Amino acid sequence: MHLSNESLLTILIVGLVAGWLAGQLMRGYGFGLIGDIIVGIIGAFIGDWLLPRLGIHLGVGLVASIVNATIGAVVLLLVIRLVRGPRWGWGSGWGSRWSRRW
């Protein structure tokens with residue numbers, strides 16, 4: 001399998017847009033540039049696996065890839081929220097209780 005520079009760039013752009021969209025839809029799940037790309041790419045794998053099993057076929061093209069990856073990324077963030085609880089990230093560690101007092 002040969003992966004050209006254009007296809008790698010497309011994967012990164014789709015991952016970035018899908019991760020950012022999923023973070024906006026889930027409110028409060030902004031991961032920064034690299035984190036959004038990772039969430040989007042993992043979401044693309046999840047969406048690519050899940051949607052055909054549900055009988056949903058979005059077609060081909062860049063927009064369909066972004067929608068597919070966004071749906072998968074939202075599913076990923078929902079699973080993370082169910083496993084870890086609604087509060088996680090920078091503001092929910094050990095030190096967060098001290099900052100509320102001051």
Side-chain angles (χ1 to χ4, degrees):
M1 181 175 144
H2 178 68
L3 187 64
S4 67
N5 290 336
E6 292 85 14
S7 60
L8 181 62
L9 185 62
T10 303
I11 291 169
L12 292 176
I13 290 172
V14 167
L16 175 64
V17 171
W20 180 80
L21 279 173
Q24 296 302 310
L25 291 172
M26 295 297 293
R27 291 192 183 152
Y29 284 91
F31 297 108
L33 181 68
I34 303 299
D36 284 345
I37 290 173
I38 292 170
V39 167
I41 291 173
I42 294 171
F45 284 115
I46 293 171
D48 222 18
W49 174 81
L50 181 65
L51 292 180
R53 283 168 175 65
L54 297 175
I56 301 171
H57 302 284
L58 299 174
V60 296
L62 188 62
V63 174
S65 297
I66 290 173
V67 171
N68 182 18
T70 302
I71 292 170
V74 167
V75 169
L76 172 67
L77 294 178
L78 280 172
V79 169
I80 289 173
R81 183 179 281 181
L82 287 173
V83 170
R84 297 191 115 191
R87 290 198 41 165
W88 64 285
W90 290 108
S92 63
W94 175 79
S96 66
R97 66 179 180 171
W98 297 106
S99 63
R100 279 184 250 142
R101 290 184 184 174
W102 302 101

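Quick caveat, the model's predicted, so the values are computed rather than measured.
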| remark: In this structure, CD1 of I46 is separated from CG of L77 (nearest 0.5 Å) by 9.0 Å
| message | Membership question, hydrophobic clusters at under 4.5 Å side-chain separation (ILVMFWY): are L54 and I71 in the same one? | response | yes
| Quick one: do I80 and I34 end up in the same hydrophobic cluster if we chain Ile, Leu, Val, Met, Phe, Trp and Tyr together by side-chain heavy atoms under 4.5 Å apart? | yes
| Contact summary for M26 and R81, nearest pair of heavy atoms | O-NH2, 3.0 Å
| said: Run the side-chain contact (heavy atoms from CB on, under 4.5 Å) test against L82 and tell me which residues pass, sequence neighbours left out. | reply: none
| remark: CG of N68 to CG of L58, rounded to nearest 0.5 Å, is 5.5 Å
| remark: Tightest non-hydrogen contact, residues A18 and A73, listed as O-CB, 4.2 Å
| What distance do I42 atom CD1 and I37 atom CD1 have between them, rounded to the nearest 0.5 Å? | 12.0 Å
| Partner set under side-chain contact (heavy atoms from CB on, under 4.5 Å) for L21, not counting sequence neighbours | V17, I66, T70
| request: Kindly compute the distance separating CZ (R53) from CG (D48), expressed to the nearest 0.5 Å. | output: 9.5 Å
| Under 4.5 Å between side-chain heavy atoms, hopping through other hydrophobics if needed: is there a path connecting I11 to V60? | no
